[in-house]
Amino acid sequence: MVQDIFNEYARFPQVHGMAIGGSRAVKRNDEFSDYDVYVYSTEPVPAESRRAVLEKYCDSITLDSHDREHEDICIMEDGTELHIVYRNLHAFLSCIDRVVVHCEVLESCTTGMWHSLLTGRIAYDKGGLLGAAKEKYQVPYPQELKNNIISSHMNRIKYGIPSFMVQIERAMKRGDMVHINQSVNRFFASYFDILFALNEKLHPGEKRLMQVCMEECGILPARFELNIRLLLNSMFKDPAAASVVEIMVSELEKVIGETLA
């Protein structure tokens with residue numbers, strides 16, 4: 001069914017490439033996994049043209065969602081959730097170049113697009129542009145990028161004004177549950193960006209981060225899993241949970257010092 005959609009999308013003149021991404025691309029999918037398809041184009045594909053194709057294969061369609069990236073979300077006839085993510089090919093490759101070549105740091109998932117390119121299973125590649133990019137960026141993890149990610153995100157976590165640590169402590173003392181959630185989410189975004197950089201691993205995206213780290217990262221702070229679970233289980237209940245963040249940051253600094261020494 002997905003291949004039928006690929007075949008029809010390949011007829012759109014704007015489309016230059018398509019790839020299967022997400023958990024299915026790296027064989028981490030389970031019974032809860034959706035189907036992620038990335039469509040790379042030079043111009044937007046008209047909504048009605050997309051709808052005409054998707055209505056043939058899907059029971060339910062939501063066009064033009066922007067919760068993460070620009071995507072159409074569908075339920076296929078077999079009940080599988082399908083996410084078709086639309087990316088401008090030139091902007092996508094430019095973002096990867098900024099990270100890999102110029103070693104720029106993003107707010108989170110700095111190497112996420114790079115990971116998406118290298119792990120995506122190419123299903124259509126007009127002119128071979130995706131394949132060529134995949135080969136071009138199959139390079140060792142840049143040391144400058146690693147250092148920049150660690151420095152930038154440690155500044156956000158501990159040394160900036162106000163740091164995530166300060167924001168979390170204030171939110172917990174106020175009992176502001178919404179702000180606690182937002183602050184802890186920002187903290188984790190930086191925390192995991194650092195861990196993947198420290199291990200010279202590409203960031204896999206927003207799901208299963210703790211599992212991926214435990215399976216693939218040889219360098220982790222002490223009591224990594226325990227502290228994460230402790231923070232998440234107590235952050236809305238006890239203002240003292242801010243001390244868990246302090247411990248996590250302290251242990252993170254230790255492994256950074258040991259690794260970069």
Side-chain angles (χ1 to χ4, degrees), residues 21-23 25-26 28 36 67-69 85 87 92 94-120 137 139-168 180-225 227-229 231-232 235 244-260:
S23 59
V26 295
R28 286 186 178 274
D36 291 318
D67 287 343
R68 296 179 298 174
E69 299 183 62
V85 181
R87 292 172 170 171
F92 173 70
S94 175
C95 177
I96 295 173
D97 195 73
R98 284 166 45 210
V99 169
V100 181
V101 177
H102 300 284
C103 299
E104 293 186 21
V105 180
L106 307 182
E107 287 190 8
S108 63
C109 298
T110 295
T111 55
M113 290 295 186
W114 187 13
H115 179 275
S116 180
L117 172 68
L118 295 189
T119 61
Y137 294 109
V139 296
Y141 201 108
Q143 289 300 305
E144 183 181 353
L145 176 63
K146 176 178 178 176
N147 293 336
N148 288 350
I149 288 174
I150 293 171
S151 174
S152 176
H153 283 296
M154 281 305 302
N155 189 58
R156 296 175 189 179
I157 288 174
K158 184 174 181 179
Y159 303 109
I161 303 175
S163 68
F164 293 155
M165 292 177 67
V166 169
Q167 292 176 47
I168 291 170
I180 292 170
N181 186 64
Q182 293 169 337
S183 299
V184 171
N185 281 343
R186 288 193 291 268
F187 165 70
F188 274 128
S190 287
Y191 182 77
F192 281 103
D193 222 17
I194 289 173
L195 287 180
F196 287 117
L198 196 61
N199 286 272
E200 299 183 7
K201 298 283 187 181
L202 303 189
H203 199 302
E206 60 186 16
K207 298 177 184 176
R208 299 176 178 165
L209 294 181
M210 190 163 67
Q211 177 188 345
V212 174
C213 279
M214 293 171 66
E215 292 177 357
E216 299 184 5
C217 295
I219 303 169
L220 290 175
R223 298 177 293 281
F224 168 73
E225 181 183 11
N227 283 332
I228 289 176
R229 293 188 183 278
L231 174 59
L232 293 177
M235 65 185 196
V244 180
V245 178
E246 294 179 11
I247 292 170
M248 291 174 68
V249 174
S250 176
E251 296 296 346
L252 180 61
E253 287 182 308
K254 286 180 184 177
V255 294
I256 290 173
E258 292 167 359
T259 304
L260 300 184

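Hydrogens, waters and symmetry mates are skipped; everything else that's a heavy atom, side chains included, is used. Along the sequence shown, residues carry numbers from 1.
The line from CE of Met214 to CZ of Arg208 is 14.5 Å long, rounded to the nearest 0.5 Å. Atoms CG and CD, on Leu202 and Glu216 in that order, are 10.0 Å from each other to the nearest 0.5 Å. Here the CD atom belonging to Glu225 is positioned 10.5 Å from the CD atom belonging to Gln211, to the nearest 0.5 angstrom. One finds the CD1 atom of Ile194 at 7.0 Å from the CD1 atom of Ile150 (value rounded to the nearest 0.5 Å). The structure places CD of Glu69 at 9.5 Å from CG of Asp36, a figure rounded to the nearest 0.5 Å. Between the CG atom in Leu198 and the CG atom in Leu220 there is a gap of 9.0 Å [rounded to 0.5 Å].
Judged by distance alone, the side chains of Arg186 and Ser108 never bring a donor and an acceptor atom under 3.5 Å apart.
For Arg156, there are no salt bridge (charged side-chain N to carboxylate O under 4.0 Å, His left out) partners two or more places apart in sequence or in a different chain. With sequence neighbours excluded, the residues forming a side-chain contact (heavy atoms from CB on, under 4.5 Å) with Asn181 are Asn185, Met235, Phe236, listed by chain and number. Residues that satisfy the side-chain contact (heavy atoms from CB on, under 4.5 Å) test with Arg98, not counting sequence neighbours, are Ser94, Cys95, Glu104, Leu106. In this structure, Glu107 has no side-chain hydrogen bond (donor to acceptor under 3.5 Å, both in side chains) partners at least two apart in sequence or on a different chain.
No side-chain heavy atom of Asn227 sits less than 4.5 Å from a side-chain heavy atom of Leu231. Inter-residue side-chain proximity for Phe92 and Leu117 is flagged as met; some heavy-atom pair is nearer than 4.5 Å. Residues Phe188 and Leu209 form no side-chain contact, since every pair of their non-hydrogen atoms from C-beta on lies 4.5 Å or further apart. Side-chain contact between Ile161 and Val166: absent, with no pair of heavy atoms (C-beta onward) separated by less than 4.5 Å. Side chains of Cys213 and Phe224 form a contact here, defined as non-hydrogen atoms less than 4.5 Å apart. Contact check for Arg87 versus Val85: side-chain heavy atoms found under the 4.5 Å cut-off.
Side chain of Trp114 to backbone of Tyr137: a donor-acceptor contact under 3.5 angstrom is found. Here the side chain of Asn155 pairs no donor or acceptor atom with the backbone of Ser151 at under 3.5 angstrom. Panel note: side chain Asn199, backbone Ile219; a donor-acceptor pair is recorded below 3.5 Å.
When every heavy atom of Asn148 is checked against every heavy atom of Cys103, the shortest pair comes out as ND2-O, 2.9 Å. In terms of heavy-atom proximity, Ile157 sits nearest to Phe187 at CG2-CE1, 3.9 Å.
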- Message: Let's go through Phe164 and Ser190 carefully: what are the C-alpha distance in whole Å and the side-chain angles of both, what is the deciding distance for side chain to side chain contact (heavy atoms under 4.5 Å, CB included) to 0.1 Å, and is it a yes or a no?
- Response: CA-CA 9 Å; Phe164 293 155; Ser190 287; 3.4 Å; yes
- Trace of the side chain to side chain contact (heavy atoms under 4.5 Å, CB included) decision for Thr111 with Val99: CA-CA 7 Å; Thr111 55; Val99 169; 4.1 Å; yes
- Task: Evaluate the side chain to side chain contact (heavy atoms under 4.5 Å, CB included) criterion for residues Gln167 and Gln182: first the C-alpha distance (whole Å), next the side-chain angles of each, then the deciding distance (0.1 Å), finally the verdict.
- Result: CA-CA 10 Å; Gln167 292 176 47; Gln182 293 169 337; over 6 Å; no
- Would you sort out whether Val244 and Ile228 count as a side chain to side chain contact (heavy atoms under 4.5 Å, CB included), showing the intermediate values? CA-CA 8 Å; Val244 180; Ile228 289 176; over 6 Å; no
If you look only at distance, which donor and acceptor atoms sit under 3.5 Å apart when one is on a side chain in residues 248-257 and the other is two or more places apart or in another chain?
| residue | atom | partner | partner atom | Å |
| --- | --- | --- | --- | --- |
| Glu251 | OE2 | Arg223 | NH2 | 2.9 |
| Glu253 | OE1 | Lys158 | NZ | 3.0 |
| Glu253 | OE2 | Lys158 | NZ | 3.3 |
| Glu253 | OE2 | Tyr159 | OH | 2.5 |

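Sorted by first and then second residue, the pairs that involve residues 195-205 and meet salt bridge (Lys or Arg N to Asp or Glu O under 4.0 Å), not counting sequence neighbours, are Lys146-Glu200.
Aromatic ring pairs are classed by plane angle as parallel below 30°, tilted from 30° to 60° and perpendicular above 60°; the pair Phe196 and His203 is tilted.
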